[in-house]
Amino acid sequence: MALKFVCVEDYEKHAAKVLPSYALEYYKSGADEEQTLRENRDSFKRWRLMPRMLRGVQNRSMNTTALGFSVSAPFGIAPTAMQRMAHPDGECATAKAAAAHGIVYILSTIATSSIEEIAAAAPNGNNWFQLYIYKDRQATIDLIRRAEKANFKALVVTVDTAVLGRRLVNERHGFDLPAHLKLGNFNNVDEKSDFQTQKKEGSRLAAYASVMFDPSLTWQDITWLKSITKLPIVVKGVLRPDDAELAVQHGVSAIAVSNHGGRQLDGVQATIDALPAIVKQVNGRCEIFLDGGVTRGTDVLKALALGAKMAFFGRPALWGLAHSGEEGVKNIIQLLKTEVDVAMALAGCRSVDEIDSSLVLRQELHSNL
Ligand SMILES: Cc1cc2nc3c(=O)[nH]c(=O)nc-3n(C[C@H](O)[C@H](O)[C@H](O)COP(=O)(O)O)c2cc1C
Ligand SMILES: CCCCCCC(=O)C(=O)O
């Protein structure tokens, strides 16, 4: 009898069997000892739910908005690089699945499909573009102009990647993009800066990042970005309330509380634990998103209860892609929608507005009762 896939972990286990080892290692890995990678998931379990009963939950809706755009669920797909290693249709399949479901899709700068291919594959999608700011500012501006022209609705600027975190397995085995794939957004880069021409030993990713990404970035660069585009700006990778304050002062539309899926600075807090202090500091002045370790409907419920407007997931979409491309990603989205719906019903919430902080309690408090 064919195995039924009933939760994200089932897709994850399947991906571990079917993906080539270079792709699985790249997708799965975290930095250094992978402490933060584990914590992202484990910490969700340390927040306990406090459901309300007898709330007449026969009619429920998880519709909400993100940056003012209507979405069919309070979750979306975080940017992950090089999706064609998981399936030949790569990012186009993921974007189509997100559009079919009416949720946000964020395209990585380091995608194996171009901005224009995404616009063609999912013209009605709520597509956002994740931006790495390059040392070459003209190359950065060109990416932004292409995203604007292709009707992308927001820029998600990643600020936690001054240098690439050390993913030890990629360094040991020498991660490389397979020869038949290219970085979709850089057809015209000069030879020196092309991904394929970086040194072959160790991880080519780290070599590419150190040649191309700009470690001299400061908050001034957010001011610069705001001066050259009208797209809403989301700053991705904030973990401290004082940085959240700076983000607000620099006029961002949203803050994504993220530790890059545990792939950058190992040992940082799980995102669900970093969230409450940032929500308190921001006090409604911009939207707050969270990613890292989201694999369950109850994770989404907890993130919203602690003040996130939206939760995002990265790896689960890759596991769906590895299973069956667009269909697999659609399955993952549907699974999470079902889980969020069940979690809302059982917690006594008819709409996302009814998800509040009284629904969650830290494990320590719970066990002291
Ligand atoms: C394989 C992989 C590639 C990623 N590539 C990018 C990227 O290109 N840009 C970026 O801002 N974040 C990138 N991220 C981080 C994700 O956007 C997100 O923060 C993280 O995956 C969330 O954790 P989760 O995978 O546990 O859901 C990547 C993550 C993974 C796992
Ligand atoms: C190609 C160099 C940088 C890789 C960026 C992708 C990414 O963010 C990741 O986590 O991997």
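Order of appearance sets the numbers: ligands from 1, and atoms from 1 within every ligand. Quantities reported herein were computed from a predicted structural model and do not represent experimental measurements. Along the sequence shown, residues are numbered consecutively beginning with 1.
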What protein heavy atom sits nearest [atom], and how far away is it?
atom	result
atom 26 (O) of ligand 1	Gly293 N, 2.9 Å
atom 24 (P) of ligand 1	Arg315 NH1, 3.6 Å
atom 17 (O) of ligand 1	Pro79 O, 2.7 Å
atom 22 (C) of ligand 1	Asp291 OD1, 3.4 Å
atom 11 (O) of ligand 1	Thr158 OG1, 2.6 Å
atom 15 (C) of ligand 1	His260 CD2, 3.5 Å
atom 21 (O) of ligand 1	Gly314 CA, 3.7 Å

Original post:
Cationic tip of Arg263 within the cone over Tyr26's six-membered ring, i.e. under 6.0 Å and within 45° of the normal?
Top reply: yes
Please identify which atoms of ligand 2 are closer than 4.0 Å to at least one heavy atom of [X].
X	answer
Tyr132	5 (C), 7 (C), 8 (O)
Leu205	1 (C), 2 (C), 4 (C)
Ala81	6 (C)
Arg263	9 (C), 10 (O), 11 (O)
Ile110	1 (C), 5 (C)

Hey, could you give me the [atom1]/[atom2] distance between [X] and [Y], rounded to the nearest 0.5 Å?
X	Y	atom1	atom2	result
Phe152	Asn126	CZ	CG	10.5 Å
Lys28	Arg315	NZ	CZ	8.5 Å
Glu117	Leu107	CD	CG	10.0 Å

Original post:
With distance as the sole criterion, is a donor-acceptor pair present between the side chains of Ser258 and Asp291 under 3.5 Å?
Top reply: yes
Original post:
Is it true that the side chains of Thr140 and Arg137 contain a donor and an acceptor less than 3.5 Å apart?
Top reply: no
**OP:** Would you mind finding which of Phe213, Phe175, Tyr26 brings a heavy atom closest to atom 11 (O) of ligand 2?
**Re:** Tyr26
Subject >> Proximity winner for atom 9 (C) of ligand 2, if only heavy atoms of Arg167, Arg204, Met212 are counted >> reply: Arg167
Polar atom proximity, [X] to ligand 1 (N or O, under 3.5 Å):
X	result
Phe313	no
Pro316	no
Tyr26	no

Subject >> N/O donor-acceptor pair under 3.5 Å between Thr112 side chain and Arg84 backbone >> reply: yes
Original post:
Between the side chain of Tyr27 and the main-chain N/O of Ala15, is any donor-acceptor distance below 3.5 Å?
Top reply: no
Given that the side chain starts at C-beta and the backbone is N, CA, C, O, which of these parts of [X] lies under 4.0 Å from ligand 1, counting heavy atoms, or is it both or neither?
X	result
Ala81	both
Lys236	side chain
Arg263	side chain
Thr80	both

Between [X] and [Y], is there a side-chain N and carboxylate O pair less than 4.0 Å apart?
X	Y	answer
Asp273	Arg362	yes
Glu326	Lys330	yes
Arg166	Glu171	yes

Which ligand 1 atoms are under 4.0 Å away from a heavy-atom of [X]?
X	result
Gly292	22 (C), 23 (O), 26 (O)
Ser108	7 (C), 8 (O)
Ser258	19 (O)

**OP:** Give a yes or no on whether the ring-centroid distance for Tyr208 and Tyr132 is below 6.0 angstrom.
**Re:** no
Original post:
Within a strict 4.5 Å, meaning less than it, do heavy atoms of the Leu205 and Met82 side chains meet?
Top reply: yes
Report all side-chain donor-acceptor pairs from residues 227-239 shorter than 3.5 Å, counting only partners two or more places apart or in another chain.
from, atom 1, to, atom 2, distance (Å)
Ser227, OG, Trp224, O, 2.5
Thr229, OG1, Glu148, OE2, 2.6
Thr229, OG1, Leu231, N, 3.1

Original post:
Can you find an N/O atom of Tyr208 closer than 3.5 Å to an N/O atom of ligand 2?
Top reply: no
**OP:** Applying salt bridge (Lys or Arg N to Asp or Glu O under 4.0 Å), name anything that partners Asp136, two or more places apart in sequence or on another chain.
**Re:** none
